[in-house]
J.: 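Next up is a structure, given as structure tokens.
Whatever order the structure lists them in is the order used to number ligands and atoms, beginning at 1.
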Amino acid sequence: MCRILFLFGVLIFYLNAFAQSGLHAKPERMESRILALGMFGLNPQGGVSRIAFSEADKQGRAYVTGLMKSAGLVVRIDGAGNIIGKRAGKNPLLQVIAFGSHIDSVPFGGNYDGDVGVIGAIECIELLNEAGITTEHSLEVIVFSDEEGGLTGSTAMIGRLKENNLNQTSSSGKTVRDGLSELGGDLAKLPNAVRQKGELFAFLELHIEQGAILYNSKIDIGVVEGIVGIEQWDVTIEGKANHAGTTPMNLRNDAMLAAAKLTIAVNESVKSMPGAQVGTVGRIKAEPGAPNVIPGKVTMSVELRDLSRDKILSVFEKIKQRAAEIEKESGTHIDFTLAHSNLPAITDKKIQMLIAAAAKELGLSYKMMPSGAGHDTQDLAVIAPVGMIFVPSKDGISHSPDEYSSPKDMANGVTVLLRTILALDKQE
Ligand code: HGY
Ligand code: MN
Ligand code: MN
């Protein structure tokens with residue numbers, strides 16, 4: 001009798017292994033769903049403006065929620081508007097393995113940033129269903145809210161979303177507070193959106209590289225070792241509005257001139273130190289904004305990124321020193337208000353190895369690399385071991401209508417994601 005049971009156990013093990021070895025994502029299903037999602041917020045010149053909290057965002061969320069439900073996931077929306085789809089595992093006592101990304105975009109963005117990770121996560125569930133596999137750990141597919149606005153949903157999930165974040169006006173023109181409520185988030189229940197350290201066995205995110213390293217070197221998979229920290233400030237420059245024709249040049253308090261000098265100061269301060277840090281002034285607005293009025297006020301953004309937060313802060317010190325000089329030179333006042341702060345994150349070494357092993361097993365080339373883009377994964381790293389998988393972006397273009405990843409590359413990433421999930425599932 002024992003012998004029969006043993007042989008039966010061996011048979012089940014090999015049948016399972018065989019079923020898992022045949023798991024390959026379907027490129028055509030990935031592509032058709034990416035294009036269907038791309039209809040929500042479609043721009044005439046291509047790409048999308050599916051800005052968080054917009055009607056297009058709500059329609060896109062309804063579309064992916066429909067896919068999640070038809071894949072058999074039990075779907076809920078947490079207090080921060082994150083969409084969470086659960087697939088029960090055999091052992092409810094084991095920690096959850098979670099994976100996902102975001103579907104909101106930057107204005108005039110592309111069809112792949114975040115979308116590949118969400119559609120890919122759902123593809124993993126479809127493949128498990130088709131293979132009749134039930135994992136030991138329960139699985140959760142997560143669609144984070146407002147990633148592009150500063151990792152809002154994942155910041156809430158780790159309990160760090162503050163009042164000042166909620167009161168900020170997002171690119172949609174709505175406050176984050178109102179936007180999250182419109183997505184179905186219930187701010188009274190924001191505390192229950194918080195996941196505690198130890199609740200998740202792991203969090204994984206499949207994402208496009210958004211740079212050109214993989215594409216230019218024709219490498220299939222990026223194994224992300226670390227994600228840069230991001231510090232973003234809202235800068236207000238107060239000068240004095242005056243007549244553009246009757247005010248001599250030496251009597252002006254020109255806020256726009258100060259802003260121009262500050263923009264150069266950001267660029268020069270970042271480049272003044274060795275390393276891969278980057279700095280950007282991405283948004284600027286002169287008031288009152290008339291050609292014949294010297295701007296009395298300018299609001300602008302300053303963003304710094306690096307794998308080391310100390311590096312970011314030392315660059316910022318240099319920028320502030322230069323800003324003090326600019327104030328004197330132009331007779332203006334420059335104020336910096338911290339808008340977003342996302343810590344850099346190192347991914348889990350064990351998970352990095354599992355991702356690399358999955359790529360190898362599939363005969364895919366891979367490269368260990370950092371992420372210059374920010375991701376929800378860097379928030380989840382605060383409460384769980386994390387891993388990130390990159391697939392190539394054509395010509396390294398992202399945050400643009402020209403963003404593109406091929407169906408084959410996307411499917412490769414999904415298959416590696418699923419194999420990594422199954423490898424993790426064998427652990428307790
Ligand atoms: O800005 C970023 O790095 C990301 O795309 N949200
Ligand atoms: Mn993204
Ligand atoms: Mn992005």
Side-chain angles (χ1 to χ4, degrees), residues 34 37-38 41 47-54 56-57 60-61 64 82 99-121 142-155 165 168 170-172 176 203-214 222 224 226-233 276-283 301-307 312 339-345 347 369-381 386 388-393 396-405 410 413 417:
I34 284 282
L37 179 55
V48 286
S49 291
R50 192 167 51 247
I51 296 165
F53 315 136
S54 64
D57 186 30
R61 287 165 59 92
V64 295
N82 297 309
F99 44 103
S101 192
H102 64 96
I103 63 159
D104 63 297
S105 80
V106 293
F108 301 100
N111 280 334
Y112 298 83
D113 173 5
D115 301 354
V116 169
V118 169
I119 298 295
I142 304 179
V143 184
F144 291 104
S145 59
D146 189 23
E147 189 273 352
E148 297 292 359
L151 311 184
T152 301
S154 53
T155 301
N165 301 122
Q168 274 172 352
S170 65
S171 301
S172 67
V176 171
F203 175 78
L204 301 171
E205 184 170 8
L206 168 64
H207 204 284
I208 58 170
E209 182 200 339
Q210 299 182 291
I213 295 171
L214 297 177
V224 177
I227 304 165
V228 292
I230 305 177
E231 300 288 320
Q232 242 175 45
W233 291 269
Q277 65 278 359
V278 291
T280 311
V281 173
R283 187 190 63 234
S301 62
V302 170
E303 185 199 83
L304 301 174
R305 300 187 184 203
D306 192 70
L307 275 174
I312 291 174
H340 290 291
S341 170
N342 300 108
L343 296 176
T347 57
M369 60 192 290
S371 169
H375 300 285
D376 293 307
T377 297
Q378 69 196 100
D379 277 337
L380 274 283
V386 297
M388 266 205 96
I389 301 162
F390 277 169
V391 292
S393 294
I397 295 172
S398 181
H399 283 189
S400 152
D402 297 332
E403 191 178 85
Y404 177 77
S405 290
M410 290 193 285
L417 172 64

J.: Excluding sequence neighbours, so at least two apart, what forms side chain to side chain donor-acceptor pair (under 3.5 Å) with Arg305?
T.: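 Testing Arg305 for side chain to side chain donor-acceptor pair (under 3.5 Å), a comparison that skips the adjacent residues, returns Glu303.
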J.: What protein N/O/S atoms lie closer than 2.8 Å to the Mn ion (ligand 2)?
T.: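 Near the Mn ion (ligand 2), the protein supplies His102 NE2, Asp113 OD1, His207 NE2.
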J.: Once side chain to side chain donor-acceptor pair (under 3.5 Å) is applied, do any residues pair with Ser154, and if so which ones, sequence neighbours excluded?
T.: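 Residues passing side chain to side chain donor-acceptor pair (under 3.5 Å) with Ser154: Asp376, Asp379.
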J.: Do you know which two heavy atoms are closest between Phe53 and Ser170, and how far apart they sit?
T.: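 Heavy-atom minimum between the residues: CD1-OG, 3.5 Å.
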J.: What closest approach, in Å, do Gln210 and Ala373 show between heavy atoms, and which atom pair accounts for it?
T.: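 Heavy atoms only, the tightest pair is OE1-CB, 3.0 Å.
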J.: Please check if the side chain of Ser371 supplies one atom and the backbone of Ile227 the other of a donor-acceptor pair under 3.5 Å.
T.: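 Side chain of Ser371 to backbone of Ile227, a donor-acceptor pair under 3.5 Å: no, none is there.
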J.: Give the minimum heavy-atom separation between Gly282 and Ser301, together with the two atoms involved.
T.: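 Looking at all heavy atoms of both residues, the closest pair is N-OG, 3.2 Å.
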J.: Between Asp146 and His102, is any side-chain donor less than 3.5 angstrom from a side-chain acceptor?
T.: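 Side chains of Asp146 and His102: no pair found under 3.5 Å.
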J.: Any idea which residues sit under 4.0 Å from ligand 1, heavy-atom distances?
T.: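 Contacts of ligand 1 under 4.0 Å: Asp113, Glu147, Glu148, Gln210, Arg305, Ala373, Gly374, His399.
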J.: Would you say Glu147's side chain and Ile103's backbone share a donor-acceptor pair under 3.5 angstrom?
T.: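 Pair absent, no side-chain N/O of Glu147 close to backbone of Ile103.
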J.: Over all heavy atoms of both residues, which pair between Tyr112 and Glu403 is shortest? Give the atoms and the distance, please.
T.: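 Nearest heavy atoms, Tyr112 then Glu403: N-OE1, 2.8 Å.
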